[in-house]
2 protein chains.
Amino acid sequence: MAKSVANLSDVATLAKVSKSTVSRVLNNKLGNGFSVTAEVKERILKVIEELNYKPNLIAQDLTKQRTRMISVLGGAHALSDLGNIYQTAINSITNILDNAPGGFDVTVDMSHHPDGSSEIPAWRIDGAIVLARCSDETFEELEQRNVPYVVVNGSSWEKGSTVVPDDIQGMKLSVDHLVKLGHKRIAYASAPLGHLIGHSSIEERHQTYVSEIKKLGLPVIEGHDKLFTSAEDYLKSIIFKNKATAIITYGHMNALNLMQAAHFLGISIPQNFSLMAFCDKCATDIMSPGLTFIDLQSKKMGEIAASMLLEMIKNPGSARKQIKIQEQLVFRDTTSAPENS
Amino acid sequence: MAKSVANLSDVATLAKVSKSTVSRVLNNKLGNGFSVTAEVKERILKVIEELNYKPNLIAQDLTKQRTRMISVLGGAHALSDLGNIYQTAINSITNILDNAPGGFDVTVDMSHHPDGSSEIPAWRIDGAIVLARCSDETFEELEQRNVPYVVVNGSSWEKGSTVVPDDIQGMKLSVDHLVKLGHKRIAYASAPLGHLIGHSSIEERHQTYVSEIKKLGLPVIEGHDKLFTSAEDYLKSIIFKNKATAIITYGHMNALNLMQAAHFLGISIPQNFSLMAFCDKCATDIMSPGLTFIDLQSKKMGEIAASMLLEMIKNPGSARKQIKIQEQLVFRDTTSAPENS
DNA sequence: TCACTAGGTCCTGTCAAAAGG
DNA sequence: CCCTTTTGACAGGACCTAGTG
């Protein structure tokens, strides 16, 4: 196959000028000690047009020592289940970085890197956003290569910044909301099996549930410390046997399962029990009736993460930041005063 | 800031050998006319270890003229709404390409490229998967650069291959399913506003609905040619006024909306009307009761697209292919014989 | 000062050729 | 002269500094 694309030399030869001139017509803003005849400039531009020449980005990256590429790591779990908060976060991250001066190319890494092997193209990126977590090897490489990175909803190593939702405050909001409605027997359904094991939100929500409930002198309903499995069994145990009047769930998937199971068992929400979850607004849009939820503010998390990353890229020496985002209660149809109050 | 990463020269200097020797220790499979003293090899490997040297991928790309990167284009709509077929497709695409010999780095391009400007890093990728469609400029660049590409669920330009579901056959399956159950008044709800305008599936499903219904001598129910807006209005018009006993919807979001509206209006599914949709298996998992649907086989589409792309990369001269995937009926809880039959 | 150019730089991979025995 | 081991020079494409007439 013949050479299919033109390069700088080709343009230079055809325009009968040197490569440097072509390069500077393309890149250097005219004015600061740089000039060309209008005629030469025209000639060069015409040849570029004819050959449809475009600079080879790889070569450009090599000389400029920067790629204007930003990688979002952890796409495998970000895309795995429906309506999780990372989708929203990714969207706002992309928006910000797209519109940043100069423009960055945002790209979600989808490869399921086998355990123990970091395959992050650290040499190819100017920065990274980590969704919740990544492998130790990846963290190590990011740190060693001095790649600026921000972790969204998770913790970082030494040099990375973080943006996390304030789950302690969110759980307090939840309990407070239900207590104000008159609930006394409030249960908590933890994360389903297979969820991100060891994620801090699992621990924080759980512990805060226990401490808040105890602080108010209310009964801690059993099952809060187990991972969530069967929604039907859970309802039988928590509603029928333990007489709970309200359930807080770790995420929207639990809530969805519980709604379906309740429908199946002939129990009504919120007549027979109130239900609320931690999740993102967009996840609740698919549910009916409208779920009361603690908004994790994933859009805002994404925006802040992206801005912080830009700052870190611009200003390599700056110190890491750790930001906590306040969560918000959105009161809709699945919570109300308990029946017997 | 001091130079933070080691390069080939550094290794060579410290190991007291030439750069080429280091390079060959790293890359050339030993055996075919290549050899080093065990001692030299050890020395080099030790230095590499010490400096934690890793080849600069950008430079490597430049010399090798290939990046082992594959870009998935169209991420903006692939991630925009929940449970759409592209998520499944992306997952299977990634699986295949990850495990391909040599391994490819799959990356989803998320940038919302402004109209008219192709910003595809065509120079940086070895191949592309297009989800449904991309801008004309992008197609143009892919073609001109001879980047192998496969379009999933959409049409390509001259050199690209395509994998599309057979919507004509799928609509025939739907109508046939409902007719066999005894339905005579079958309606079709088209794509919601804001969906991919002009996508062939909208046209094909709609036209096939009309032609199949007519062929069977059944009444074409009005509303089939309008974009879907309010689920409640639709039900009032189609079920109450037009006495339809079954509705086929363009996608799972319509179906979800209709289920919620039916619940609100006090109509039961499938007692009062049957409902089915075109969608992906994973989208229906979040619905209750279980939706009868036409499976678009997005997993299979992804697998085939990825394999075709690998073939095209390996074999640049090969002719484009256009593959149609058979759709499948999955009979669940939302369709049954009509009440008055 | 103006209008332009030569040649080094970024970093790795390759190949012909040289060194060592 | 042969074989093994190693090397130097250059390609790859764009950018940039120093420099020329």
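Sequence lines set the chain letters: A, B, ... in the order given, protein chains first and strands last, and positions in each chain run from 1.
- Within a 6.0 Å sphere centred on CD of B/Gln65, heavy atoms belonging to other residues, nucleotides or ligands number more than 12.
- Contacts of B/Val17 with the nucleic acid, taken as non-hydrogen atoms under 4.0 Å apart, involve only primed sugar atoms and P, OP1 or OP2.
- Between B/Asp61 and A/Arg124 a salt bridge is recorded (basic side-chain N to carboxylate O distance below 4.0 Å).
- For the pair A/Ile44 CD1 and C/dA3 P, the computed distance is 13 Å after rounding to whole Å.
- Remark on the helix from C/dC2-D/dG21 to C/dG21-D/dC2: inter-end axis angle 70°, axes from five-pair C1' superpositions, rounded to 10°.
- In this structure, the separation between CD on A/Gln60 and CZ on A/Arg68 is 10.5 Å, given to the nearest 0.5 Å.
- Distance alone, capped at 3.5 Å, places no donor-acceptor pair between the B/Asp109 side chain and the B/Val72 backbone.
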List the steps and the verdict of salt bridge (charged side-chain N to carboxylate O under 4.0 Å, His left out) for A/Lys46 and A/Glu42. CA-CA 6 Å; A/Lys46 203 177 129 205; A/Glu42 276 313 305; over 6 Å; no

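- In this structure, A/Phe139 and A/Tyr149 have tilted ring planes: the angle between them lies in the 30° to 60° band.
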Sugar-phosphate or base contact per nucleotide [nucleotides 12-21 of chain C; S, B, -; heavy atom under 4.0 Å]: BBB-------

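- Summarising the geometry, the separation between CZ on B/Arg124 and P on D/dG13 is reported as 16 Å, rounded to the nearest angstrom.
- Taking atom CZ of A/Arg66 as the reference point, atom P of C/dC11 lies 15 Å away to the nearest angstrom.
- Note: CG (A/Leu62) to C1' (D/dA11) measures 13 Å, nearest angstrom.
- Nearest heavy-atom pair across B/Val152 and B/Ala305 is CG2-CB, 3.6 Å.
- Across all strands shown, B/Thr37 has heavy atoms under 4.0 Å from sugar-phosphate atoms exclusively, and none from any base.
- C/dC4 atom C1' lies 18 Å from atom CD of A/Glu42, rounded to whole Å.
- Taking only side-chain atoms of A/Ser35, from C-beta outward, the nucleotide of D/dT6, C/dC2, D/dT4 with the closest atom is C/dC2.
- For the atom pair OG1 (B/Thr107) and CG (B/Leu97), the distance works out to 12.0 Å, reported to the nearest 0.5 Å.
- Remark: A/Gln65 is not in phosphate contact with C/dT9, judged by side-chain N or O atoms under 4.0 Å from OP1 or OP2.
- Distance, A/Asp61 CG to C/dT9 C1': 15 Å, rounded to whole Å.
- Counting to the nearest Å, the C1' atom of D/dT6 and the CD atom of B/Glu39 are 13 Å from each other.
- A distance of 12.0 Å separates CD in A/Glu137 from CD in A/Gln144, rounded to the nearest 0.5 Å.
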